[in-house]
Amino acid sequence: MDPGRLHPQARAAMRVQQRVPLTRATLPAARLSMVQATPAEVGSGPAIRSVVTVDAGGVPARLYRDGDEDAMPVVLYAHGGGWVMGGVGTHDGLCRHLAAASGWAVLSVDYRLAPEHPYPAPLDDMVRALTWLRGPEAPRHGLDPGRTAVAGDSSGGHLAAATARRARDAGTRLAGQILVCPVIDPAADYPALDEYGLDREEMRFFWDAFAPPGVDRTQPDLDLLRADLTGLPPAVVITAELDLLSVEGERYAAALLAAGVPVTAVRYQGLIHNFPRKLALFDAAHVALAQLAAVLHGWRNGHIRHGREA
């Protein structure tokens with residue numbers, strides 16, 4: 001890939017977070033580095049009406065509301081970080097912005113992290129939180145159990161997509177799914193884009209931590225391209241041109257479309273992995289956020305139809 005295509009803001013962004021070569025021994029330092037870089041990358045986010053910690057069926061989560069409705073639609077959000085880093089704190093600014101811009105509540109899930117808690121623990125936590133959202137407790141927090149979407153960035157995009165499929169299999173109808181620079185394929189042959197941030201060795205570490213050797217990575221919870229995609233909710237897939245995950249994200253969008261799922265897929269040119277989270281660094285992050293808010297408005301008002309099952 002021609003390095004001249006790299007957006008000037010991407011060059012600056014790659015200098016913000018101190019990169020730590022990932023091993024089991026260095027993982028604590030990498031986790032701390034992500035936390036320390038968050039103020040410069042994401043910012044504090046807007047003040048909104050309500051931010052509270054909740055127990056979502058035994059899973060810790062943070063609930064964002066920027067309205068006074070008695071029954072708000074809600075986005076179940078899975079943070080990125082390779083399944084091994086990140087949390088509600090690293091994604092607080094993003095979730096505040098999303099709640100303020102969309103008119104939806106956002107439930108950010110503090111799922112268990114690998115390698116201490118490998119697959120299926122993070123996905124199980126997402127499914128438990130979704131079950132809680134669809135139950136009797138949600139209305140007590142001013143949420144509408146019947147209007148729920150899932151969303152996530154990077155590895156969180158993988159968890160969101162797998163949660164959407166689990167929901168379909170359980171007979172739960174979701175309004176939609178938002179996948180931002182998602183991880184999709186455990187067997188991907190990553191291109192040589194190491195100089196643009198996320199690199200191949202990091203992805204190998206992430207997969208080995210999440211689905212250690214011996215785990216069957218061809219199962220549809222892990223290899224999303226092997227799953228039956230029919231009947232899934234409408235999807236928005238955002239990719240970045242200079243992200244080594246862009247190809248698999250776009251393959252997944254194409255596979256969803258082939259299965260009859262309404263899909264909007266957008267590639268942002270000249271940008272790097274997970275730029276939409278970095279609202280303090282990228283003008284394009286605000287464009288992507290506005291796009292997601294517009295889609296959520298459409299789902300809220302029933303303007304975007306489901307696919308073949310409708």
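Atoms considered below: every heavy atom in the structure, side chains included; atoms not considered: hydrogens, waters and symmetry mates.
When every heavy atom of Leu113 is checked against every heavy atom of Gly86, the shortest pair comes out as CD1-O, 3.8 Å. Annotation for Leu179 and Ala160: closest pair CD2-CB, 4.0 Å, computed over non-hydrogen atoms. Heavy atoms only, all atoms of each residue included: Thr148 and Asp144 are closest at OG1-O, 4.1 Å. Contact between Ala288 and Ile238 at its shortest, heavy atoms only, is CB-CD1, 4.1 Å. Here the shortest heavy-atom pairing between Leu229 and Ala255 reads CD1-CB, 3.6 Å. Residues Ala240 and Arg267 share a closest heavy-atom pair of C-CG, 4.4 Å.
Hydrophobic clustering of Ile, Leu, Val, Met, Phe, Trp and Tyr side chains at less than 4.5 Å, counting indirect connections, keeps Val42 apart from Leu292. No single ILVMFWY cluster, assembled from side-chain heavy atoms under 4.5 Å apart, contains both Val88 and Val109.
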Report all side-chain donor-acceptor pairs from residues 22-32 shorter than 3.5 Å, counting only partners two or more places apart or in another chain.
unit_1: Thr23; atom_1: OG1; unit_2: Ala25; atom_2: N; d: 3.2
unit_1: Thr23; atom_1: OG1; unit_2: Thr26; atom_2: N; d: 3.1
unit_1: Thr23; atom_1: OG1; unit_2: Thr26; atom_2: OG1; d: 3.2
unit_1: Thr26; atom_1: OG1; unit_2: Pro21; atom_2: O; d: 2.5
unit_1: Thr26; atom_1: OG1; unit_2: Thr23; atom_2: N; d: 2.8
unit_1: Thr26; atom_1: OG1; unit_2: Thr23; atom_2: O; d: 3.4
unit_1: Arg31; atom_1: NE; unit_2: Val84; atom_2: O; d: 2.6
unit_1: Arg31; atom_1: NH1; unit_2: Glu116; atom_2: OE2; d: 3.0
unit_1: Arg31; atom_1: NH2; unit_2: Val84; atom_2: O; d: 3.1
unit_1: Arg31; atom_1: NH2; unit_2: Ala114; atom_2: O; d: 3.1
unit_1: Arg31; atom_1: NH2; unit_2: Glu116; atom_2: OE1; d: 2.9
unit_1: Arg31; atom_1: NH2; unit_2: Glu116; atom_2: OE2; d: 3.4

Below 3.5 Å, can you tabulate the donor-acceptor pairs from side chains in residues 68-75 to any protein atom, sequence neighbours excluded?
unit_1: Glu69; atom_1: OE1; unit_2: Arg300; atom_2: NH2; d: 2.9
unit_1: Glu69; atom_1: OE2; unit_2: Arg300; atom_2: NH2; d: 2.4

Give the table of side-chain donor-acceptor pairs shorter than 3.5 Å for residues 203-214, with sequence neighbours excluded, one pair per line with atom names and distance.
unit_1: Arg204; atom_1: NH1; unit_2: Glu201; atom_2: OE2; d: 2.3
unit_1: Asp208; atom_1: OD1; unit_2: Arg217; atom_2: NH2; d: 2.7

Next on the checklist: For Val59 and Asp110: C-alpha separation, side-chain torsions, deciding distance, then whether side-chain contact (heavy atoms from CB on, under 4.5 Å) applies.
Outcome noted: CA-CA 7 Å; Val59 180; Asp110 207 11; 5.9 Å; no
Next on the checklist: Pair Arg168, Asp228 - check side-chain contact (heavy atoms from CB on, under 4.5 Å), show working.
Outcome noted: CA-CA 10 Å; Arg168 180 208 59 192; Asp228 173 11; 4.0 Å; yes
Checklist entry - Where do Arg251 and Ile184 land on the side-chain contact (heavy atoms from CB on, under 4.5 Å) test, with the steps shown first? => result CA-CA 9 Å; Arg251 284 180 61 206; Ile184 298 294; over 6 Å; no
Next on the checklist: Between Tyr111 and His117, is the ring pair (Phe, Tyr, Trp, His ring centres under 6.0 Å) condition met? List the steps.
Outcome noted: CA-CA 9 Å; Tyr111 58 83; His117 303 283; over 10 Å; no
Item to check | Worked verdict on Val35 versus Thr90 for side-chain contact (heavy atoms from CB on, under 4.5 Å) | outcome: CA-CA 6 Å; Val35 171; Thr90 58; 4.1 Å; yes
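Looking at Arg277 and Thr38, their side chains do bring a donor and an acceptor atom within 3.5 Å of each other. Using modelled atom types, one finds a donor on one side chain and an acceptor on the other under 3.5 Å when comparing Asp153 with His91. Using a 3.5 Å distance cut-off with no hydrogens or angles, the side chains of Ser154 and His273 do pair a donor with an acceptor. There is no side-chain donor-acceptor pair under 3.5 Å between Tyr252 and Asp185.
For Glu250 (side chain) and Val247 (main-chain N/O), no donor-acceptor pair under 3.5 Å exists by modelled atom type.
Two residues are said to be in side-chain contact when any heavy atoms from C-beta on lie closer than 4.5 Å; Leu174 and Thr172 meet this criterion. Using a 4.5 Å heavy-atom threshold, the side chains of Ile48 and Arg65 count as separate. A heavy-atom distance below 4.5 Å is found between the side chains of Leu296 and Ile178. Looking only at side-chain heavy atoms (C-beta outward), Leu281 and Gln9 stay at 4.5 Å or farther from each other. A 4.5 Å side-chain heavy-atom check between Leu271 and Leu242 finds every atom pair outside the cut-off. At least one side-chain heavy atom of Trp299 sits less than 4.5 Å from a side-chain heavy atom of Pro234. Side-chain contact between Gln291 and Thr264 is present, with at least one heavy-atom pair separated by less than 4.5 Å. Side-chain contact between Leu222 and Gln219: present, with at least one pair of heavy atoms (C-beta onward) separated by less than 4.5 Å.
Annotation: the span from Leu98 atom CG to Asp66 atom CG amounts to 11.0 Å, rounded to 0.5 Å. A distance of 9.0 Å separates CG in Leu256 from CG in Leu225, rounded to the nearest 0.5 Å. The distance from atom SG of Cys95 to atom CG of Leu63, rounded to the nearest 0.5 Å, is 10.5 Å. Taking CZ of Arg165 as the reference point, atom CG of Leu224 lies at 7.5 Å (rounded to 0.5 Å). The distance from the CD atom of Glu248 to the OG1 atom of Thr239 is 11.0 Å, given to the nearest 0.5 Å. Once rounded to the nearest 0.5 Å, the distance linking CG of Leu107 with CE of Met126 reads 8.5 Å.
The pair Arg112-Asp125 meets the salt-bridge criterion, with a side-chain N (NZ, NE, NH1 or NH2) lying under 4.0 Å from an Asp/Glu carboxylate O. Looking at Arg166 and Asp169, no side-chain N of the basic residue comes within less than 4.0 Å of a carboxylate O on the acidic one, giving no salt bridge.
Pairs of residues two or more places apart, or lying in two chains, that qualify as ring pair (Phe, Tyr, Trp, His ring centres under 6.0 Å) and include a residue from residues 121-141 are Trp132-His141.
Not counting sequence neighbours, the partners of Ala293 by the side chain to side chain contact (heavy atoms under 4.5 Å, CB included) test are Ala101, Ser102. With sequence neighbours left out, the salt bridge (charged side-chain N to carboxylate O under 4.0 Å, His left out) criterion links Asp92 to Arg62, Arg96.
The aromatic ring centroids of Tyr268 and His7 lie 6.0 Å or more from each other. In this structure, His158 has its ring center closer than 6.0 angstrom to the ring center of Trp83.
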